[in-house]
Amino acid sequence: MVKKVLEGSHAVAEAVKLCKPDVISAYPITPQTHIIERLSEFHADGELGNCQFIRVESEHSAMSVCLGASLVGARAYSASTSQGLALMYEVLFNVAGLRQPVVMTTANRALSAPINIWNDWQDAISARDSGWIQLYAENAQEAVDYTIQAFKIAESHDILLPAMVCIDGFVITHTYEVVDIPSQEDVDAFLPKKVPYLPLDPENPIGYGMIGTPEVYEETRYLIQETMEKAKKKIVEVGQEFEKKFGRPQGGLIDTYKLEDAEVAILSMGAILQTMREVVDNLREEGVPVGLIKVKSYRPFPKDEIRKAVEGLKAIAVIDRDISLGHEGALFTDVKSALYGSGERPLVKGYIAALGGRDFPETTVRKIVDDIIKVAKEGKVDKEVEWPDLRREIL
Amino acid sequence: MASKVDMDFEGLASGHRACAGCGAAIAVRLILKGTGKNTIIANATGCVEVFTTPYPECAWNVPYVHSLFENTAAVAAGIEAGLKALGKKEGINVVAIAGDGGTADIGLQSLSGMLERGHDVLYIMYDNEAYMNTGIQRSASTPYGATTTTSPAGKVSIGQETRKKFVAEIAAAHHIPYVATASVGYPRDLINKVNKAVNIKGPKFIQVHAPCVPGWNYPESKTVEIARLAVETGLWPIFEMENGVITSVRKIKEKKPVEEYLKAQRRFAHLFKDERGKKVIEEIQKLADENIKRYGLMD
Amino acid sequence: MKEIRIHGRGGQGSVTAAELLAVAAFEDGYYSQAFPVFGVERRGAPVMAFTRVDEKPIRVRYQVYTPDYVMVQDPTLIPAGIDVLAGLKPGGMVIVNTARKPEEVGLKAENVEILTINATRIALKHIGRPITNTTMLGAFAGATGLVSLDSVIKAIEERFTDKLREVNVAAIKEAYEAIRG
């Protein structure tokens with residue numbers, strides 16, 4: 001293992017290289033470009049072995065190439081974001097439905113219009129129902145670690161679902177920070193060569209992509225859903241195995257911070273958690289009883305883990321960097337639905353913030369914590385959803 | 001390791017759900033004799049996919065995947081890349097099969113990408129000249145004057161108002177080693193071309209004219225006859241183009257007027273009703289003559 | 001934690017300077033982080049990049065609003081209205097690339113140290129082009145002591161090869177000495 005200062009994208013590229021993909025296929029789009037540029041350099045220098053790097057004409061084709069490659073038993077990787085992920089949307093469902101363990105990085109970015117190249121989660125959130133496992137990384141180190149684990153989780157024959165590692169565009173992809181890059185030897189031991197499951201092979205002809213009539217289609221959804229439940233356990237197990245091998249704790253499906261004696265908690269995903277942890281520390285010093293909940297696995301969604309984590313809390317603030325237009329933040333909806341069936345549950349309030357790359361400074365976090373403490377004190381939620389960093393003056 | 005024509009190989013099992021007289025089904029059966037069994041098929045959404053794969057049944061005796069409508073070329077490219085990466089490509093033919101909608105319209109971009117990148121893939125477009133699977137809607141490959149459910153002939157419309165987009169020429173513009181046209185009216189020619197193509201390294205494209213009984217509206221016993229009439233009138237030129245140069249054409253011995261082809265199909269019936277239709281037929285004749293000249297179909 | 005903000009114009013290598021500074025700090029045993037104001041880069045447009053240096057892992061990910069140090073690669077940014085002193089902590093320092101004296105650069109602030117260095121001249125002399133980002137890092141090391149000269153040189157050596165490495169190191173050394181007087 002070597003610690004170095006690396007750009008997040010370059011760290012991801014290093015991780016992908018360590019996983020020895022057989023086929024990489026991608027289409028350039030900001031802020032994913034630095035990942036595939038660095039992989040292109042590795043390829044150009046012959047550092048990717050026999051890996052086929054297919055530079056396609058669209059994201060739709062990128063994921064389709066990964067699908068074809070995976071079907072013959074190859075380990076396939078792609079990366080995209082935003083409009084690219086939206087263009088890929090149809091293929092995402094197809095890859096999951098055909099149970100192909102493709103792994104991709106999503107460098108999370110907002111969706112047009114207006115065109116905005118900056119970071120929020122609307123792209124991946126909008127693909128949440130596709131049957132892909134979605135892991136959200138907090139920093140470059142997690143982006144590296146989750147990438148390596150994603151292949152292992154996805155390729156397990158009791159899972160066989162594609163996995164997406166979501167990393168905040170720019171905030172992680174374009175930031176230089178200290179990252180520990182594992183050795184090839186360790187990664188090889190952790191992630192052996194892919195063992196294909198029923199590949200396309202003329203020696204043993206089988207068919208993929210049959211018509212699922214009303215008599216059988218629903219069962220395919222049931223089986224994926226059942227597997228998603230299994231994946232919850234698998235994600236934790238693979239995380240533990242990773243920790244044992246590489247020494248870095250990987251948490252479970254969620255991670256909690258200073259929650260034990262907290263009265264309120266702030267809950268979110270991705271890179272903003274890093275700032276939120278800092279603010280929790282600062283507020284604790286000021287005597288504010290606040291803790292933090294991180295959702296690492298957005299799909300499958302850690303319902304039971306969240307129920308357990310919030311026990312004894314008075315109120316939680318859910319911060320979404322996305323919005324299901326016409327309703328509310330997607331994470332907020334998910335958290336509330338997870339808690340609906342539990343007996344004693346805290347008050348929950350949603351906050352939509354940091355959309356389209358808006359900075360998320362300590363002041364915004366403090367505003368949210370102040371508000372949720374007020375909710376806890378008053379014992380009721382007046383307004384379900386707040387936009388704490390909205391610029392009302394330009395509306 | 002050259003792939004040989006295998007006339008005994010039935011890559012497409014009987015019992016599939018195609019209409020009687022289906023040109024596309026004939027095409028697929030012949031194609032697989034040309035590729036032999038060491039072949040992996042990527043198939044677009046469309047008639048062929050629907051009539052060969054009602055789960056849990058599958059009519060393909062070769063490994064097969066249907067992914068989506070517009071991505072067949074890309075899936076085939078991925079299959080090829082995957083095999084290459086795993087050192088398994090040698091001796092395996094990767095063949096994409098898609099209809100005219102999946103090729104001339106929605107799949108044109110991924111086809112172009114695959115051809116341009118030089119994948120060792122044979123892409124076969126079975127051209128039945130409309131979206132037959134969804135109920136005979138017009139595609140870019142629907143011929144001028146044909147009535148379809150979305151280009152219906154009417155009081156002010158002659159049917160399809162536009163000229164057929166010729167994808168074989170578009171494929172040729174990618175500087176690929178092999179482009180050919182064929183027809184289910186000439187089975188041996190189709191089989192031989194498929195076999196020749198799979199033995200050439202790099203991207204190959206074959207466009208197969210494949211009549212559709214309900215779409216073109218003719219008796220199911222007439223598929224081969226109509227396919228041949230298209231060739232004999234000059235409306236469907238049959239040729240091979242290798243590295244950008246036409247290397248063979250099927251010559252027309254005795255040119256037939258386009259009326260003979262048109263009147264055999266109800267999709268052109270409205271053209272025989274009035275003066276307006278007559279003018280359209282004259283235009284169609286010009287298109288046939290243009291083909292004859294352009295591809296040197298007559299001595 | 002120390003926070004550094006670099007002002008420049010697109011094409012002057014401000015983002016690279018922030019990265020190299022992060023690498024140098026890491027070489028000195030610190031944790032570090034560097035990133036630009038994310039966006040569409042256009043040559044000549046005002047840009048900002050940030051570096052954070054700390055003894056413990058750095059978590060915060062928002063922009064630097066209250067820097068300890070500011071570097072100004074292009075003095076024309078000041079009359080152009082860029083507030084390079086914005087948020088600068090009391091007792092903070094700003095280093096401006098200019099031939100002028102500190103009192104002549106058009107910056108007024110109390111309890112802030114203003115230093116100047118003719119990085120353009122030094123860069124032209126050694127590198128042959130007015131690309132001042134590496135030269136400014138030499139000055140930064142000399143003026144602040146936050147990172148060592150050795151580590152800045154190491155960062156440069158990791159980044160550049162051959163002749164480019166040599167000339168950049170020479171420029172850094174001269175700037176380091178020059179600002180220390």
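The chains referred to below are lettered A, B, ... by the order of the sequence lines, with proteins before strands, and numbering in each begins at 1.
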Worksheet item: Is A:Arg277 positioned over the aromatic face of A:Tyr257, cation under 6.0 angstrom from the ring centre and no more than 45 degrees off axis?
Response: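 Output yes; distance and angle both within limits.
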Worksheet item: chain A: which of C:Arg52, C:Gln33, C:Arg61, C:Glu158 shares the most heavy-atom pairs with it under 4.5 Å?
Response: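 The answer is C:Arg61.
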Practice prompt. Could you tell me if the ring centre of A:Phe170 sits under 6.0 Å from that of C:Phe35?
Written response: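 Centroid separation for A:Phe170 and C:Phe35: 6.0 Å or greater.
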Discussion item. For A:Phe360 together with C:Tyr62, are the ring centres under 6.0 Å from each other?
Written reply: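 No, ring centres 6.0 Å or more apart.
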Practice prompt. Would you mind checking which part of A:Asp281 comes under 4.5 Å of any heavy atom in chain C, side chain (CB onward), backbone (N, CA, C, O), both or neither?
Written response: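 For A:Asp281, the side chain is the part near chain C, not the backbone.
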Worksheet item: At a heavy-atom separation under 4.5 Å, does A:Glu7 approach chain C through its side chain, its backbone, both, or neither?
Response: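 Nothing of A:Glu7, per the 4.5 Å heavy-atom cut-off to chain C.
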Worksheet item: Between A:Thr173, A:Thr175, A:Asn119, which is the residue that forms a side chain to side chain contact (heavy atoms under 4.5 Å, CB included) with C:Phe38?
Response: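 It is A:Thr175; the other options fail the test.
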Worksheet item: Between A:Asp180 and A:Lys3, is there a salt bridge with N-O shorter than 4.0 Å?
Response: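 Between A:Asp180 and A:Lys3 there is no salt bridge, as every charged N stays at least 4.0 Å from the carboxylate O atoms.
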Fill in: Option that, when pairs with chain C are counted at under 4.5 Å, heavy atom only, ranks first among A:Leu6, A:Thr30, A:Ile117, A:Val171
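Between A:Leu6, A:Thr30, A:Ile117, A:Val171, the count favours A:Val171.
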Item to complete: Considering only heavy atoms and a distance below 4.5 Å, find which of A:Val5, A:Thr364, A:Val279, A:Asp359 pairs most often with chain C.
Response: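 Option with the top pair count is A:Asp359.
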Fill in: Which atoms of C:Tyr65 approach chain A - backbone, side chain, both or neither, heavy atom under 4.5 Å
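Just its side chain gets close to chain A.
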